[in-house]
Student: 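First the structure, which I've put down as structure tokens, then a few questions once you've had a look.
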Amino acid sequence: MGGTVFRGNNLIDGVFETIFHLKKLEKKVVFLSNRGNILRKMCYSKLCQMGLDVSEEKILLSSTVAANDLKAYFASSAVWVFGEQGLKDELIEAEVRIASRPEEADWLLITLHESVTYKDLNDAFRAVRHGARIIATNTDTHFPSEDGDSIDVAGMIGAVVASTGKEVDVVIGKPSHYMVEAALKVLGQSPESCLVVGDSLASDICLGKRFGIKTALVLSGSVQLENVKQSKWQPDWIWNYLGDLNEYLTTGWKCL
């Protein structure tokens, strides 16, 4: 969503009209994001405040998928969170067991932590040193914010991996199969009938190429046109922003 649907607290030009048109055509839309530090309800509220007609179950964050998968496959495990309250709330809502101390955790769940302290880092370190396996909401290096690119989950992972010598066991977010399976389940569609639209070559376009889904890259995030030529992940279409999809649906014009 960030860099494709909105930047900071503002919708990107043309998004409202495009989503409205897709719904009018009875197309199914899922809002998929690697954001793992917020509660899905928070994201739903943000999109509604921006004027978009969305339903909460059509929003899939890496925090949502992580919580659901931990509950489904590791119901008896205790989790320590290296992240913010939003992720903890998502785990609690999914009835995932939160460890009372880092030393008691079976899993260390890492996400973006924008208010990280030394204690947070040390607790994560202790969880892994006492045997916790590592799961990450995503491995993105940066994300687009209103005042420029900002460090993402890869920075948090780097601190834990470098200090413990342990690698990440599971990555939930795009371009993993966990996110694809969750999205296709909500959509009730096959990969061949879907389109991934996003601003990241490494997560959005890679996801589509890995799982047989058509892809469209938008240049409203961090990627520039010259970056595409250097990437092994080549999109099927390139648009300046999501609003171009509306014109494409209306007129069928050829994209870049």
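Reckoned from all heavy atoms, side chains included, excluding hydrogens, waters and symmetry mates. Everything numeric in this text was worked out from a predicted model, so none of it was measured. For the single chain, residues carry numbers from 1 onward in sequence order.
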Student: Counting heavy atoms not belonging to Phe16, are there more than 12 under 6.0 Å from its CZ?
Tutor: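 Open.
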
Student: Does any N or O in the side chain of Asn227 come within less than 3.5 Å of the main-chain N or O of Gln224, such that one atom is a donor and the other an acceptor?
Tutor: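 Yes, because the side chain of Asn227 sits within donor-acceptor range (under 3.5 Å) of the backbone of Gln224.
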
Student: For residues Ile213 and Cys194, report the shortest heavy-atom separation together with the two atoms involved.
Tutor: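 Residues Ile213 and Cys194, closest heavy atoms: CG2-O, 3.5 Å.
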
Student: Do the charged groups of Glu93 and Lys41 touch, with an N to O distance under 4.0 Å?
Tutor: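 Counted as a salt bridge, because a side-chain N and a carboxylate O are separated by less than 4.0 Å.
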
Student: For the CZ atom of Phe74 and the CZ atom of Arg133, what is their distance to the nearest 0.5 Å?
Tutor: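 Reported to 0.5 Å precision, the distance equals 5.5 Å.
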
Student: Do the side-chain N and O atoms of Asn246 and His21 include a donor-acceptor pair separated by under 3.5 angstrom?
Tutor: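 Side-chain D/A pair, Asn246 to His21: present.
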
Student: More than 12 foreign heavy atoms under 6.0 Å from NZ of Lys71: is that the case here?
Tutor: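 Yes, the 6.0 Å shell around NZ holds more than 12 heavy atoms from other groups.
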
Student: Does NZ or CZ of Lys46 fall inside the cone over Phe6's six-membered ring, less than 6.0 Å from its centre and within 45° of the axis?
Tutor: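 Satisfied, under 6.0 Å and within 45°.
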
Student: Would a single hydrophobic cluster contain both Tyr178 and Leu87, if residues Ile, Leu, Val, Met, Phe, Trp and Tyr are joined by side-chain heavy-atom contacts under 4.5 Å?
Tutor: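 Linked, Leu87 and Tyr178 end up in one cluster.
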
Student: Looking at Arg7, I want to see if its CZ is surrounded by more than 12 non-hydrogen atoms of other residues, nucleotides or ligands under 6.0 Å.
Tutor: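 Yes, because the 6.0 Å sphere around CZ of Arg7 holds more than 12 heavy atoms from other groups.
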
Student: For Val96 and Ala67, work out which heavy atoms get closest and say how close.
Tutor: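 Minimum heavy-atom separation between Val96 and Ala67: CG2-O, 3.4 Å.
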
Student: Between atom OG of Ser176 and atom CG of Leu207, what is the distance when rounded to the nearest 0.5 Å?
Tutor: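 Nearest 0.5 Å value for the OG-CG distance: 7.5 Å.
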
Student: Would you call Leu61 and Met1 a side-chain contact if the rule is heavy atoms closer than 4.5 Å?
Tutor: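 Yes, close enough: below the 4.5 Å cut-off.
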
Student: Tell me, do Met156 and Val160 make a side-chain contact under 4.5 Å, heavy atoms counted?
Tutor: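 SC-SC contact between Met156 and Val160 ruled out.
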
Student: Tell me, do Leu91 and Val79 make a side-chain contact under 4.5 Å, heavy atoms counted?
Tutor: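 Heavy-atom side-chain distance check passes, below 4.5 Å.
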
Student: Which distance, rounded to the nearest 0.5 Å, do you find between the CD1 of Ile205 and the OG of Ser200?
Tutor: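 Reported to 0.5 Å precision, the distance equals 8.0 Å.
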
Student: Can you find a pair of side-chain heavy atoms, one from Leu112 and one from Glu84, that are under 4.5 Å apart?
Tutor: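 In short, these two side chains do not touch, never coming nearer than 4.5 Å.
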
Student: What about Val15 and Val29, same hydrophobic cluster or not, with Ile/Leu/Val/Met/Phe/Trp/Tyr joined at side-chain heavy-atom distances under 4.5 Å?
Tutor: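 Same cluster: Val15 reaches Val29 through Ile, Leu, Val, Met, Phe, Trp or Tyr contacts under 4.5 Å.
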
Student: Taking Ile98 as the starting point, is it possible to reach Leu108 by hopping between hydrophobic residues whose side chains are less than 4.5 Å apart?
Tutor: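 Shared cluster, no.
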
Student: Apply side-chain contact (heavy atoms from CB on, under 4.5 Å) to Leu60 and Arg40, showing your working.
Tutor: CA-CA 7 Å; Leu60 290 176; Arg40 176 162 63 169; 4.1 Å; yes

Student: So, Asp244 side chain and Asn240 main chain: donor-acceptor pair closer than 3.5 Å or not?
Tutor: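 Present.
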
Student: For Lys185, what residues pass the side-chain contact (heavy atoms from CB on, under 4.5 Å) criterion, not counting sequence neighbours?
Tutor: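 Counting only residues at least two positions away or on another chain, Lys185 forms no side-chain contact (heavy atoms from CB on, under 4.5 Å).
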
Student: So do Val228 and Val223 actually touch side chain to side chain, heavy atoms under 4.5 Å?
Tutor: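 The answer is yes; the side chains approach within 4.5 Å.
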
Student: For the pair Arg101 (side chain) and Ala127 (backbone), establish whether a donor and an acceptor sit closer than 3.5 Å, ignoring hydrogens and angles.
Tutor: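 Checking the backbone N and O of Ala127 against the side chain of Arg101, no donor-acceptor pair under 3.5 Å is found.
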
Student: Going hydrophobic residue to hydrophobic residue with side-chain gaps under 4.5 angstrom, can you get from Trp80 over to Tyr73?
Tutor: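 No, Trp80 does not connect to Tyr73 through the hydrophobic network.
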
Student: Which heavy atom of Ser76 sits nearest a heavy atom of Asp106, and at what distance?
Tutor: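 Heavy atoms of Ser76 and Asp106 come nearest at O-OD2, 4.3 Å.
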
Student: Working to the nearest 0.5 Å, report the span between CG of Leu187 and NZ of Lys27.
Tutor: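 Going from the CG atom of Leu187 to the NZ atom of Lys27 covers 12.0 Å.
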
Student: For residues Thr111 and Asn37, report the shortest heavy-atom separation together with the two atoms involved.
Tutor: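 Taking every non-hydrogen atom into account, OG1-N, 3.4 Å.
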
Student: Applying side-chain contact (heavy atoms from CB on, under 4.5 Å), run through Val116 and Phe82 and close with a yes or a no.
Tutor: CA-CA 9 Å; Val116 63; Phe82 180 22; 3.6 Å; yes

Student: Work out which heavy atom in Ser203 is nearest to a heavy atom in Asp140; give both atom names and the distance.
Tutor: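 Scanning both residues, the minimum pair turns out to be CB-OD1, 4.2 Å.
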
Student: Under a 4.0 Å N-O cut-off, is there an ion pair linking Asp204 with Lys174?
Tutor: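 Yes.
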
Student: Going by heavy atoms in the side chains, are Ile134 and Val128 under 4.5 Å from each other?
Tutor: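 The answer is yes; the side chains approach within 4.5 Å.
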
Student: Any chance you could measure Lys28, atom NZ, to Ser193, atom OG, to the nearest 0.5 Å?
Tutor: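 Between atom NZ of Lys28 and atom OG of Ser193 there are 8.5 Å.
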
Student: Kindly give the heavy-atom pair with the smallest separation between Gly221 and Asp199, and that separation in Å.
Tutor: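 Between these two residues, the closest heavy atoms are CA-OD2, 3.4 Å.
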
Student: At what distance, to the nearest 0.5 angstrom, does OG1 of Thr137 lie from CD1 of Ile172?
Tutor: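 The CD1 atom of Ile172 is 9.0 Å from OG1 of Thr137, to the nearest 0.5 Å.
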
Student: Begin from the C-alpha positions of Val170 and Trp107 and carry the test side-chain contact (heavy atoms from CB on, under 4.5 Å) through to its verdict.
Tutor: CA-CA 10 Å; Val170 179; Trp107 289 96; 4.1 Å; yes

Student: Can you get from Trp239 to Ile19 by hopping between Ile, Leu, Val, Met, Phe, Trp and Tyr side chains that sit under 4.5 Å apart?
Tutor: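 Result: yes, single cluster for both.
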
Student: Show, in sequence, the C-alpha distance, side-chain angles and deciding distance for Asn34 and Ser62, and conclude whether the side-chain hydrogen bond (donor to acceptor under 3.5 Å, both in side chains) test is met.
Tutor: CA-CA 5 Å; Asn34 270 356; Ser62 60; 5.0 Å; no

Student: Can you check whether Val5 reaches Phe31 side chain to side chain, under 4.5 Å on heavy atoms?
Tutor: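 They are in contact (side-chain heavy atoms under 4.5 Å apart), so the answer is yes.
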
Student: Do the non-hydrogen side-chain atoms of Thr64 and Glu90 ever get within less than 4.5 Å of each other?
Tutor: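 They are in contact (side-chain heavy atoms under 4.5 Å apart), so the answer is yes.
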
Student: Quick one, Leu109 with Leu70, criterion side-chain contact (heavy atoms from CB on, under 4.5 Å). Give me CA distance, side-chain angles, the key distance, then yes/no.
Tutor: CA-CA 10 Å; Leu109 177 54; Leu70 281 166; 4.2 Å; yes

Student: Please check: side-chain N/O of Thr215 versus main-chain N/O of Asp236, any donor-acceptor pairing under 3.5 Å?
Tutor: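 Checking the backbone N and O of Asp236 against the side chain of Thr215, a donor-acceptor pair under 3.5 Å is found.
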
Student: Can any side-chain N or O of Glu95 pair as donor or acceptor with the backbone N or O of Ile92 at less than 3.5 Å?
Tutor: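 Not a single qualifying donor-acceptor pair exists.
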
